[in-house]
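Encoded as structure tokens, the structure appears first; notes follow it.
Order of appearance sets the numbers: ligands from 1, and atoms from 1 within every ligand. The chain is numbered in sequence order, starting from 1. What you see below is based on every heavy atom in this structure, not just the backbone, and it leaves out hydrogens, waters and symmetry mates.
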Amino acid sequence: MLSDFTFREIIDCVKIPLIALKPMFNNGVAEDFEVLYVNPEFSRIIANLKTGTTLTCAVSMLENGMHWLEMAQKAVETKELFAETYYSEKKQAWFSFELQTATDKLVVATLTDITAKVSYTEQLKLSLVTDTLTTLPNRFQFYKKFQSVVDEADQTSTKFGLISFDLDNLKQINDSKGQQAGDRLLIKAARIFKSFENKNIDVYRFGGDEFILVAKNLSLADSLYTISDAVMEALNSENVNASGGISVYPDNTSEKEDLVKFADLAMHDAKKAGKNRVLMFTPELQKEFLRRMMYKTKMPAAFDNGEFELFFQPQFDISSNELRGFEALLRWNEPELGKISPEDFIPVAEESGFIKILGAWVLKKAFTCQREWEEKFAYNGVMSVNVSPVQLMDDDFLFTLDQIARESGVEPTHVEIEVTEGVLIDDTDKAVAVLDEVKRRGFRISLDDFGTGYSSLRYLQILPLTTLKIDKSFIQSITEKNGVSENITNSIISMVTKMGLDTIAEGVEKVDQLKILQELNCKTVQGFLRGKPMSQAAIEEYLSGNINALDHIKE
Ligand code: C2E
Ligand code: CA
Ligand code: CA
């Protein structure tokens, strides 16, 4: 009878290496996995993955450890059988690794030695360590080699550096000239990077448009600049633009994940500083990194403590002076650090995934206020709510939006969803599809910060917009004598008005600016001149008829 045996006894007899993992969720993302069970056959092949440990703890001890974690995450994400073949250098064997998500709480994985089945040419084809497009070794190879690079540096008391490069305009080229042109650019860039390969420099394609150079055997970190300068010169001479970041072992950190992250941070700093340059990771960036880590840890508890608050900034019709509506703007009142700007904490929340919770709260609060104000004050304006790309692209977004709209009883046509061009970066088609759905429900959609970023006119055509917000950087230079900003703003406004869209000028602080905007037929104004962001209480005071409650720059 089956009941004479435990399932454990039965599974222990299975001659296929088998392991059961329990996903550990953080904000809906399976960040790690607890090892629930390992059968004896699995332990025979991989001795150092034991019951009770987690995958992240075991990552460094496992061959292809990072890859394991990524595959397990993909299995949870897709909820389907996830299979991948990989070559183990240690065992000199090919394995097929198959993961199946049973429930949200269980992933079962098997590992089968398929060396006998794999022919030599197939082995080459299956090779996971080489990027097929550029033939450069890929990130798995990078992680595999990393420890030996560290060991060598320790033994010889030398330094090594990572120079992380990111091509500046691959996305634009893919968008405007097609995928094949993008591939050609990647191949060209790879060839240039590869020409720097020697016994002290390794080159990897890290993913997407990212490449990493590992420069070893250094006595001075500064020599990394010599290398990066030469690389940039070679790239630029062939019309390839890239931004790069440098991190140094052991000067910056001895943690491999951090070293990669630091090079990445410096690279993003280079992008911010105007692209097509290489910057080194600095103590300031280190501070910034620590600050972000702190925000990341503090945020969930701060949210539970009610430290987040929604402010509202009024928008006015320029010609009639009538109130058009409000933009909801998030605030974090941290008891020790004081007010933290959304510009500082929102990127952190996006990175950690916490934006989903925070963003849903913002929608709920803004919709509820809108309903209450309509009832209490016979108010009939529009509520603009900022939605981050991460939030919008989340699979649950439309469901959440519907639920909140239903519960609050808000009329979708009284709400405007504000997005930036950032939503189009990863998956343009998906972003457009989601926004089409949002529009279909009756919500208004505005494109925020127009005039920064790519500001491609194509975006105006493919996005289902109702409103365009002209960025404050334009408005602030609109009164300059050379007339450049004024001319550009004029063209934007007349084109956008012809398309039937509303225009909102942001960041209007001076009467002169407002006058020019009026001449240019800009419809709406939002800025400190007419009204600063205010608390809910102050807004209610204002809506109840007290005009003096409005906080603005006094003329
Ligand atoms: P944004 O969406 O462009 O919001 C407008 C920002 O400009 C606000 O900054 C506002 O206070 C500021 N501003 C308005 N008028 C003037 C002016 O006349 N002069 C100047 N110098 N600034 C003006 P704030 O509230 O600090 O928000 C910064 C950014 O944080 C927002 O930029 C938005 O990108 C983001 N953000 C704020 N709340 C949320 C939110 O609930 N969700 C998401 N995803 N992002 C948010
Ligand atoms: Ca906005
Ligand atoms: Ca804006």
Taking the side chain as every heavy atom from C-beta outward, state whether M267 and L279 have any atom pair closer than 4.5 Å. no

Just checking K554: does its NZ atom have more than 12 heavy atoms from other residues, nucleotides or ligands closer to it than 6.0 angstrom? yes

For a salt bridge (Lys or Arg N to Asp or Glu O under 4.0 Å) with K271, tell me which candidate from D209, D264, D166 qualifies. D166

For each nitrogen or oxygen atom of ligand 1, which protein N/O atoms lie closer than 3.5 Å, and how far apart are they, rounded to 0.1 Å?
unit_1	atom_1	unit_2	atom_2	d
ligand 1	2 (O)	E327	OE2	3.2
ligand 1	2 (O)	N386	OD1	3.1
ligand 1	2 (O)	D448	OD2	2.9
ligand 1	3 (O)	D449	OD1	3.2
ligand 1	7 (O)	K472	NZ	2.8
ligand 1	15 (N)	Q313	NE2	3.0
ligand 1	18 (O)	F528	N	2.8
ligand 1	19 (N)	E509	OE2	2.5
ligand 1	21 (N)	E509	OE2	3.0
ligand 1	25 (O)	R331	NH1	2.9
ligand 1	25 (O)	R331	NH2	2.9
ligand 1	38 (N)	L330	N	3.0
ligand 1	42 (N)	N386	O	3.4

In terms of relative ring orientation, are F367 and F443 parallel, tilted or perpendicular, with 30° and 60° separating the classes? parallel

I want to check a possible cation-pi pair here: R324 against F316, using under 6.0 Å from ring centre and within 45° of the ring axis as the test. no

Kindly check if the number of other-residue, nucleotide or ligand heavy atoms within 6.0 Å of CG (N380) is above 12? no

Please say which of W332, F289, F345 ends up in a ring-ring contact (aromatic ring centres under 6.0 Å, His included) with Y295. W332

From CA spacing to verdict: side chain to side chain contact (heavy atoms under 4.5 Å, CB included), I553, E509: CA-CA 7 Å; I553 296 175; E509 296 180 353; 4.0 Å; yes

So do the side chains of R444 and V415 get within less than 4.5 Å of each other, counting heavy atoms only? no

Measure from the side-chain N and O atoms of R441 to the backbone N and O of E437, and report whether any donor-acceptor pair falls under 3.5 Å. yes

Taking the Ca ion (ligand 3) as the centre, count the protein N/O/S atoms lying under 3.0 Å from it. 4

If I consider every N, O or S atom in E327, which one ends up closest to the Ca ion (ligand 2)? I only need its name. OE2

